[in-house]
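Worksheet: one structure, shown below.
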Amino acid sequence: MLPLVPLTSPPATEAQLLHQAQRVAGYSLGELAAMAGLPIPKDLKRDKGWIGVLLERWLGASAGSKPEQDFAALGVELKTIPIDSQGRPLETTFVCVAPLTGNTGVTWEMSHVRHKLKRVLWVPIEGDRAIPLADRRVGAPLLWSPNEEEERQLSQDWEELMDMIVLGQVERITARHGEVMQLRPKAANSKALTEAIGAHGEPILTLPRGFYLKKNFTGALLARHFFA
DNA sequence: CACTGATCATGA
DNA sequence: TCATGATCAGTG
């Protein structure tokens, strides 16, 4: 048996990436943290991105805050997703920050959302808060690209939300806008402000927003794979 | 249950 | 401040 160790450099191929993700499937977060020499927090209250960082480490993603895909050379984005005992998502999935200004002429084709979601390695993680963090297990990974239907849904929601942003309606957007993708605050706190367009075309300051995939969307794509 | 706004850590 | 990684926690 080869020893199970984190990748220290990015995988060279998708197949290699997927294979490593399959190797860590079944292990608990406690086991993976110990093998990687990473301290494990008692819960996620103050370490919300800890699982994502742990998996980045195991799969050889370049950590950091670079505005590009986790595996740039492969064009693949890594997403961990908390699931319940039935394999259903427990949380929405953050995609990227929404640009609130400078959007004239921007199309779906060139959007950050489309680019981010072009190819995603989904790694489901047991997320029930009743399970101690260290005992939560990693599920089987799924390498995914949006099919025609999903691409249509995403682009439709993106158009709707971006139209409202461009037309100065950002503060009227609620999480109910969009069938599969929503716009919600994405900020350090409620005092963090960024520039946007007001109802009369004037500059305003508002909460930074992010695009999030709704659970119906991620739930369906996971189900399609695992319960087909 | 989903929605909603708020929040936490870290680094450039 | 904004980008990365996300979840928390209160309310209908």
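Chain letters run A, B, ... following the sequence lines, proteins first and then strands; every chain starts at 1.
Note: CZ (A/Arg172) to P (B/dT4) measures 14 Å, nearest angstrom. Rounded to a whole Å, the CZ atom of A/Arg176 is 8 Å from the C1' atom of B/dA2. Following rounding to the nearest Å, A/Leu213 (CG) and C/dG5 (P) show an atom-to-atom distance of 13 Å. Here the C1' atom of nucleotide B/dC1 and the CD atom of A/Gln86 are 15 Å apart, to the nearest Å. One can place CG of A/Leu55 at 11 Å from C1' of C/dG5, the figure rounded to the nearest angstrom. One can place CZ of A/Arg209 at 15 Å from P of C/dT1, the figure rounded to the nearest angstrom. The distance between atom CD1 of A/Ile173 and atom C1' of B/dT4, rounded to the nearest whole Å, is 14 Å. Between the P atom of B/dT7 and the CG atom of A/Leu207 lies a distance of 9 Å, rounded to the nearest Å.
Nearest to the side-chain atoms of A/Thr194 among the listed nucleotides C/dC2, B/dC8, B/dA2 stands C/dC2. Of the candidates C/dG5, B/dC3, B/dT7, the closest approach to any side-chain atom of A/Asn189 belongs to B/dT7.
By the neighbour-count criterion of 12 heavy atoms within 6.0 Å, atom CZ of A/Arg114 is densely surrounded, having more than that number from other residues, nucleotides or ligands.
Sorted pairs that involve residues 96-105 of chain A and meet salt bridge (charged side-chain N to carboxylate O under 4.0 Å, His left out), not counting sequence neighbours, are lacking altogether.
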Go along nucleotides 6-12 of chain C 5' to 3' and tag each nucleotide: B for a protein heavy atom under 4.0 Å from its base, S when only backbone or sugar atoms are that close, - otherwise.
BBBS---

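A/Lys191 comes within 4.0 angstrom of no nucleic acid atom, judged by non-hydrogen atoms across all strands. Here A/Leu193 lies in heavy-atom contact (under 4.0 Å) with sugar-phosphate atoms only.
Comparing the axis of the opening five pairs of the helix from B/dC1-C/dG12 to B/dA12-C/dT1 with that of the closing five pairs yields an angle of 30°, rounded to 10°.
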Mind running side-chain hydrogen bond (donor to acceptor under 3.5 Å, both in side chains) on A/Thr194 and A/Arg209 for me, showing each step along the way?
CA-CA 9 Å; A/Thr194 192; A/Arg209 314 297 163 101; over 6 Å; no

Worked check of side-chain hydrogen bond (donor to acceptor under 3.5 Å, both in side chains) between A/Ser28 and A/Arg137:
CA-CA 4 Å; A/Ser28 71; A/Arg137 284 168 298 165; over 6 Å; no

Do A/Ile51 and A/Leu133 pass the side chain to side chain contact (heavy atoms under 4.5 Å, CB included) test, and can you show the C-alpha distance, the side-chain angles, and the key distance before you say yes or no?
CA-CA 9 Å; A/Ile51 297 176; A/Leu133 184 57; 4.1 Å; yes

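A pairwise comparison of heavy atoms in A/Ile204 and A/Gly198 identifies CG2-CA, 3.6 Å as the closest pair. Taking every heavy atom of both residues into account, A/Leu121 and A/Pro141 meet most closely at CD1-CB, 4.0 Å. A/Lys79 approaches A/Val120 most closely through the heavy-atom pair CG-CG1, 3.8 Å.
With no hydrogens or angles considered, no side-chain donor-acceptor pair links A/Arg88 and A/Ser85 at under 3.5 Å.
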